[in-house]
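The structure under discussion appears below in the form of structure tokens.
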Amino acid sequence: MDTAPLRDSGELTYRDAVGADVPALVPLIESAYRGDASRTGWTTEADILDGQRTDPEGVREVITAPGSTLLVVERDGELVACCQLEHRGDAAYFGMFAVRPELQGGGLGRQIIAEAERSARERWGVSEMHMTVISVRDELIAWYERRGYRRTGKLSPFPYGDERFGLPQRDDLAFELLVKDLDVS
């Protein structure tokens, strides 16, 4: 498929996902992180994890949980990305961020995360955005740092043995909390 039109034309539109979106969202998320298709982009986890990144139940849970949404990002009617926002007190959690691999590196991620931050401030009046990133993902963490996120050094264990989160290829995986102060004015 020629991705030039998707990369270069049309405004991005954002909306909250609904149940009918699940069959399109699962392969989008999988393609951004796992398997050979993910290697087209730079966010791949294929060298550290095999197996699934998510499943229909996990995506449906994000869509239907109270205080949670999965933003669907479309350009010219085509699904190009998604991200999770969850209200957690004074903060919002940002997760399940996926951009189609062939569209990565063109500035979409920067636009989408800025919109997610704006949306979280508007929806919930939160003062911080939190996320967790696998601590060995140095390039990805550096990208978030350039967007204003800071490493906290707070680690939580990777769920080894729970195949819903993938099959680890290394024994040193953990999640690090990254935080960004949001301008709430």
Side-chain angles (χ1 to χ4, degrees), residues 1-17 21 24-25 27-34 37-48 53-54 59 62-63 68-88 90-152 175-185:
M1 166 165 95
D2 179 16
T3 60
L6 284 176
R7 183 182 295 271
D8 298 330
S9 68
E11 292 294 317
L12 295 178
T13 58
Y14 300 85
R15 63 176 175 82
D16 291 349
D21 294 316
L25 288 166
L28 167 69
I29 296 163
E30 292 294 314
S31 73
Y33 291 96
R34 303 289 164 79
S38 71
R39 295 179 194 280
T40 304
W42 69 274
T43 61
T44 184
E45 295 173 343
D47 294 330
I48 59 173
R53 175 67 154 75
T54 192
V59 173
V62 169
I63 291 171
S68 175
T69 190
L70 192 63
L71 286 181
V72 170
V73 185
E74 296 172 321
R75 178 175 277 161
D76 298 331
E78 294 285 331
L79 176 64
V80 296
C82 68
C83 64
Q84 170 191 9
L85 292 174
E86 183 180 319
H87 188 203
R88 295 182 179 178
D90 291 337
Y93 178 79
F94 177 82
M96 211 174 273
F97 187 26
V99 175
R100 286 177 35 186
E102 68 273 15
L103 299 177
Q104 292 176 14
L108 280 177
R110 276 190 300 275
Q111 293 175 354
I112 294 164
I113 198 166
E115 174 60 20
E117 292 164 358
R118 187 206 64 73
S119 179
R121 282 191 309 268
E122 184 178 289
R123 287 173 193 242
W124 301 308
V126 294
S127 59
E128 289 184 335
M129 185 77 87
H130 293 186
M131 70 174 71
T132 54
V133 179
I134 296 175
S135 61
V136 299
R137 303 283 320 275
D138 294 329
E139 185 180 7
L140 183 59
I141 290 170
W143 186 86
Y144 284 119
E145 287 178 314
R146 291 190 300 274
R147 313 274 96 58
Y149 288 81
R150 67 184 182 284
R151 297 182 87 152
T152 65
F175 294 106
E176 182 171 358
L177 176 65
L178 303 182
V179 174
K180 180 177 181 177
D181 293 325
L182 301 178
D183 179 45
V184 185
S185 26

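Model, not experiment: these values are computed from the prediction.
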>> Between Glu176 and Arg151, does the side-chain contact (heavy atoms from CB on, under 4.5 Å) criterion hold? Intermediate values first, please.
In response: CA-CA 7 Å; Glu176 182 171 358; Arg151 297 182 87 152; 2.7 Å; yes

>> If you apply the rule side-chain contact (heavy atoms from CB on, under 4.5 Å), what do you find for Met131 with Ile113, and how did you get there?
In response: CA-CA 12 Å; Met131 70 174 71; Ile113 198 166; 4.2 Å; yes

> For Arg100 and Leu108, what are the C-alpha separation, side-chain angles and deciding distance, and is it a side-chain contact (heavy atoms from CB on, under 4.5 Å)?
Replying inline: CA-CA 10 Å; Arg100 286 177 35 186; Leu108 280 177; over 6 Å; no

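Across all non-hydrogen atoms, the minimal contact from Ile29 to Ala98 is CA-CB, 3.8 Å. The minimum heavy-atom distance between Tyr14 and Gln111, with the atom names listed, is OH-O, 3.7 Å. Across all their heavy atoms, Arg121 and Val126 have their closest contact at CG-O, 3.9 Å. Of all heavy-atom pairs between Pro101 and Ser31, the closest is CG-O, 3.0 Å. What you find for Leu25 and Cys82 is that their closest heavy atoms are CD2-CB, 3.8 Å.
Every pair tested for ring-ring contact (aromatic ring centres under 6.0 Å, His included) that includes a residue from residues 101-121 fails, sequence neighbours excluded, so the list is empty.
Between the side chain of Arg75 and the backbone N or O of Gly10 there is at least one donor-acceptor pair closer than 3.5 Å. Proximity of a side-chain donor or acceptor of Gln84 to a complementary backbone N or O of Ser68 within less than 3.5 Å is not detected.
With sequence neighbours excluded, the residues satisfying ring-ring contact (aromatic ring centres under 6.0 Å, His included) with Phe175 are Phe158. Partners of Glu74 under the side-chain contact (heavy atoms from CB on, under 4.5 Å) rule, at least two apart in sequence or in another chain, are Thr13, Arg15, Val72. Residues that satisfy the side chain to side chain donor-acceptor pair (under 3.5 Å) test with Glu115, not counting sequence neighbours, are Arg118. Under the rule for a side-chain contact (heavy atoms from CB on, under 4.5 Å), the partners of Ala91 that lie at least two apart in sequence or sit in another chain are Glu128, His130.
Note: Leu70 CG to Asp21 CG = 8.5 Å, rounded to the nearest 0.5 Å. Here the OG atom belonging to Ser119 is positioned 6.5 Å from the CH2 atom belonging to Trp124, to the nearest 0.5 angstrom. Note that the CD1 atom of Ile63 and the OG1 atom of Thr69 stand 8.0 Å from one another [nearest 0.5 Å]. Distance check, rounded to the nearest 0.5 Å: OG1 of Thr54 to OH of Tyr33 gives 11.0 Å.
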Which atom pairs, donor and acceptor, lie under 3.5 Å between side-chain atoms of residues 138-148 and protein residues at least two apart or in another chain?
from	atom 1	to	atom 2	distance (Å)
Arg147	NH1	Trp143	O	3.0

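The shortest distance between side-chain heavy atoms of Leu85 and Met129 falls below 4.5 Å. The shortest side-chain heavy-atom distance between Leu71 and Asp16 falls under the 4.5 Å cut-off.
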